[in-house]
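Right, one structure below, let's go through it.
These numbers come from a predicted model, not from an experiment. Letters go in sequence order (proteins before strands), and every chain restarts at 1.
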Number of protein chains: 2
Amino acid sequence: MAVSPPRPKDLPLTALRAFEAAARLGGFSAAAAELGVTPGAVTAHVKTLETALGAALFDRTTRGVRLTALGRRVLPEFVAAFDALGAAVRTLRREAAPRTVHIATLPSIAQLWLSPRLPALRAAAPEIAISITAMETPPNLKRAPYDLSLFYDAAPAGRIEDDVIFPVCAPALAARLARPEDLVDASCLSDATWSDDWATWAAEAMPGAAFVPRGPVFSLYALAVEETVNGAGVLIGHQALVAAHLRRGDLVAPFDRRVRLDRGLRLWSDRPPRPGGPADRVARWLEDSR
Amino acid sequence: MAVSPPRPKDLPLTALRAFEAAARLGGFSAAAAELGVTPGAVTAHVKTLETALGAALFDRTTRGVRLTALGRRVLPEFVAAFDALGAAVRTLRREAAPRTVHIATLPSIAQLWLSPRLPALRAAAPEIAISITAMETPPNLKRAPYDLSLFYDAAPAGRIEDDVIFPVCAPALAARLARPEDLVDASCLSDATWSDDWATWAAEAMPGAAFVPRGPVFSLYALAVEETVNGAGVLIGHQALVAAHLRRGDLVAPFDRRVRLDRGLRLWSDRPPRPGGPADRVARWLEDSR
DNA sequence: TTCCTAGGGTCAGAAAAACTGAGTCGTCAT
DNA sequence: ATGACGACTCAGTTTTTCTGACCCTAGGAA
C-alpha cells in the first residue's frame, strides 16, 4: 500500500464559523461585523459550504437572508460547539497569562476615562497587567478574547455612572455665554456617532427653540475634547469623559442644565469572573472609582 | 468615532486544531497524520500559538514532545470543543444529504472486497448513495466526515471475517508447486505494508525452514493481485481480498495450509448509527454479505 | 411616484495563511 | 555505530481568505 492521495479536505473551519455567526446574528453583514471582515467574505464562506454540501443553508431574499429548515436544524449544535471553543480559548488565555486582564472599550472611553485611572489602578494592583483594546462596538464576549467590556449601554447591571450631557468649553469662552440662547452664535463641536446630543440637550434647555448646532463634527471624541480645551468652541460634553478636565479647570460648564440619558457607562463580563481573580479585582476597583 | 483599526485577530482556528490533535495524540507526527499535513505544518501551528500566548504548550524532548502543565490543563476543554464541532459537522452532512453513506477504507479493500459487492448493495437499497474514500489509516471518526470505517483491525466488535493468509497463484503456475518448499524457486509477490505475511505463513507451513521470499513488492495490493492473475508469480493472499478471484477460478491456492491472523476485516462507526437509518442499513447488509 | 437605504452578490486582484520538501540535529535501540 | 525516529528550519509555493469597487433588488421615506 502506502499510496496516500491527499485526503479529501474536511469542511473549512472558517467557513463554518462564518455560517454560525451569520445564522446566529440573522444576517451576513452582522456576521461580517462580528468577525471583523467584509460582507463579501461571509458571502463567499457560506457559498463554499453550500457548494460542498450540495444544499442551501440560507434563503436569499432581497431584503436579507433567512435560514433554511436545514440551517435551522443544525444551528444550535454549531452555536454550542463554537461557544465551547471560545470558552476553551478563554481558559487557555487565562491560564497562559494569569495576571493579565483584557478590557475592550470605546476609544474615547479608553483615552478620557480609563487612561487617567490607570496609574492609580496599577499602584493598587501592581501585579496585574492591564491590556486595553479600543473598538467601536462591544465584542461578543463568548467569542472574543476579552475579560471585561466597558461601553455605554442601557442595561442597568454593572452601570458605573449614568450618561449625563451638558455643554462645556474653555474658561475664556464661558464669559461670552450667559444663556443657552447665546449658543446660536457659537461654534458647537460634536461627535459623529453621538450626533443627537446637541438636539437632546437643547430640547430640555431651550424648549421649542429648534436649535441647530453649527460647528465641526469629529470622528474621535477625544480629539473634540482636545480642541475644546484649546478654545475651538463649545462641546456637548459627556460627564464621564470630561470630568477630569472639569476638575482640572481646563473646561467649565457654562450652563447649569444637564440632561441624563437612558444609558450609562457600563462594565460587564461574559460570566461573572472568579471572585478574587484578577478580572474581578479590576472590575471592582473600576466600579469603585467613579 | 468610527475609527475601526482591524481587530486584533483571535487565535487561528487551524492552529488550535493542530494543538488539540498534537496534544491528544501525543506527538506532532501523529497529529500531522490525522490532519493530513506534514509534521512541519504542525510545528509551525503550535509555535504560532505559543508565540501568541507567550507561553509554552509542549516541552520539547529530543525524543518527541510532552505537554506542559499549561497544555495539560487546557487540553480536555479543547478536545470536548472539537468533538462537539465534529459532531455538528456530521449532523450537518447527514441532514444535508440524508441518503448518502460515507465509507472510509483501505484502497485494497475498496477495490477487492467492497467494489464487487456494490452492485448487489445498490440493488438492495437503491435509494442510498454510497461514497467510498480510500485511505491508508483509519480516520478518527469523531472528526472526519465518514459514517463507516472498514479496515483490518484486532478488535472483535464488528468483525466481518478473520484475516486468513495463504499463497495463491494463477492455475497454470500451480502445477509446478507441489510442496511449500517449491516456493524457494518461485517469484513471491508481496505487499509493502504487509511485508511480514510470507514469513508468518512460512513459519507455520515450513517450520524451521528460514524461508526468505524473493520477488516484487507492490505498494498497491490490488495491483499485486492483478499481476498474480497474469501469472507473475505467487502472492501471499488475504482471504477476503482474493475470495472473488478464487471463486472465479482466476486464482487457485496451491497449498492447503492457511494461517489465521490476530486481526480481521472490521466495520465500525463512531457511535452506533441510528437503527434503521441509511448507515445502519448499509452496515448490516455488508456484515451479512460475508 | 422617485429617491434613498439596507442588505446581498460578484469579480479581479492582493494579502495572508498554510503547506511542502529537503535538509538538519540529537537521542534511542539495535 | 548505525539506522530509525521525531522534531525543527527555511525558502518557495499553493491555497485560502479577504478586500474594494462594482452591481442588483425591494422597502420605506419624501
Side-chain angles (χ1 to χ4, degrees), chain A residues 2-52 56-68 71 137 192 195, chain B residues 2-53 56-68 71 137 143 192-193 195-196:
Chain A
V3 176
S4 20
R7 288 204 186 193
K9 297 238 179 260
D10 203 357
L11 299 180
L13 292 178
T14 48
L16 292 171
R17 182 171 52 177
F19 158 70
E20 187 268 351
R24 175 165 42 82
L25 301 172
F28 290 6
S29 307
E34 171 165 314
L35 299 173
V37 298
T38 53
V42 176
T43 302
H45 277 313
V46 172
K47 189 153 46 166
T48 301
L49 275 190
E50 292 182 322
T51 304
L57 292 164
F58 290 93
D59 284 325
R60 272 72 166 180
T61 75
T62 53
R63 214 48 196 152
V65 292
R66 201 193 353 266
L67 274 178
T68 59
T137 315
S195 50
Chain B
V3 176
S4 22
R7 291 207 185 189
K9 297 237 180 265
D10 205 356
L11 299 180
L13 292 178
T14 46
L16 292 172
R17 183 172 50 178
F19 158 69
E20 187 268 351
R24 175 166 43 83
L25 300 172
F28 289 6
S29 307
E34 171 166 313
L35 298 173
V37 299
T38 53
V42 177
T43 303
H45 276 312
V46 172
K47 188 150 50 164
T48 301
L49 275 190
E50 292 182 321
T51 304
L53 292 170
L57 291 165
F58 290 92
D59 283 326
R60 272 70 168 180
T61 75
T62 51
R63 205 61 191 140
V65 293
R66 200 191 356 260
L67 275 178
T68 60
T137 315
R143 302 297 157 82
T193 50
S195 50
D196 292 340

Check: Between NE2 of B/His45 and CG of B/Leu35, what distance do you get to the nearest 0.5 Å?
Finding: 8.0 Å
Notebook entry, point to check: Below 4.0 angstrom from OP1 or OP2 of C/dA17, is there any side-chain N or O of B/His45?
Noted result: no
Notebook entry, point to check: Taking all non-hydrogen atoms of both residues, which atom of B/Leu49 and which atom of B/Phe19 are closest, and how far apart?
Noted result: CD1-CB, 3.5 Å
Note to self: Would you say that A/Leu67 contacts A/Arg24 through its side chain, given a criterion of any heavy-atom pair below 4.5 Å between the two side chains?
What the structure shows: no
Checklist line | Backbone N/O of A/Asp59 and side chain of A/Thr68: donor-acceptor pair under 3.5 Å | finding: no
Notebook entry, point to check: Short question: side chain of A/Glu50, backbone of A/Phe58 - any donor-acceptor pair under 3.5 Å?
Noted result: yes
Check nucleotides 25-30 of chain D for protein N or O atoms closer than 3.5 Å to its own N or O atoms and list the pairs.
{"from": "D/dA26", "atom 1": "O4'", "to": "A/Thr62", "atom 2": "OG1", "distance (Å)": "3.0"}

Check: In whole Å, what is the span from the CZ atom of A/Phe58 to the C1' atom of C/dG7?
Finding: 13 Å
Are any protein N/O atoms closer than 3.5 Å to N/O atoms in nucleotides 9-13 of chain C? If there are, list each pair with its distance.
{"from": "C/dG9", "atom 1": "OP1", "to": "A/Arg60", "atom 2": "NE", "distance (Å)": "2.5"}
{"from": "C/dG9", "atom 1": "OP2", "to": "A/Thr43", "atom 2": "OG1", "distance (Å)": "3.2"}
{"from": "C/dT10", "atom 1": "OP2", "to": "A/Lys47", "atom 2": "NZ", "distance (Å)": "2.6"}

Checklist line | Distance (rounded to the nearest 0.5 Å) between B/Asp10 CG and B/Leu16 CG | finding: 8.0 Å
Item checked: Distance, rounded to the nearest Å, where B/Leu49 contributes CG and C/dA17 contributes P -> 13 Å
Next item on the list: Report yes if the side chains of A/Glu34 and A/Arg17 come closer than 4.5 Å at any heavy-atom pair, otherwise no.
Entry: no
Check: Could you state the CG-C1' distance from B/Leu35 to D/dT15, rounded to the nearest angstrom?
Finding: 17 Å
Notebook entry, point to check: Taking all non-hydrogen atoms of both residues, which atom of A/Val42 and which atom of A/Ala22 are closest, and how far apart?
Noted result: CG1-CB, 4.4 Å
Next item on the list: Provide, to the nearest angstrom, the distance between the CG atom belonging to B/Leu25 and the C1' atom belonging to D/dA7.
Entry: 16 Å
Note to self: Need one value for B/Thr61: base, sugar-phosphate or nothing, where a base atom within 4.0 Å counts as base even if backbone is also close, heavy atoms only.
What the structure shows: nothing
Checklist line | Shortest side-chain distance from A/Ser29, nucleotide among C/dG7, D/dC18, D/dA7 | finding: C/dG7
Check: Rounding to a whole Å, what distance do you find between A/Phe19:CZ and C/dG8:P?
Finding: 14 Å
Next item on the list: Might you point out which heavy atoms bring A/Ala18 and A/Ala31 nearest each other, and give the distance in Å?
Entry: O-CB, 4.4 Å
Check: Contact class for B/Thr38 (heavy atom, under 4.0 Å): base, sugar-phosphate, or nothing?
Finding: base
Checklist line | Nearest-angstrom distance from the residue atom CZ of A/Arg66 to P of C/dG7 | finding: 15 Å
Check: How many Å lie between CG on B/Asp59 and C1' on D/dG6, as a whole number?
Finding: 15 Å
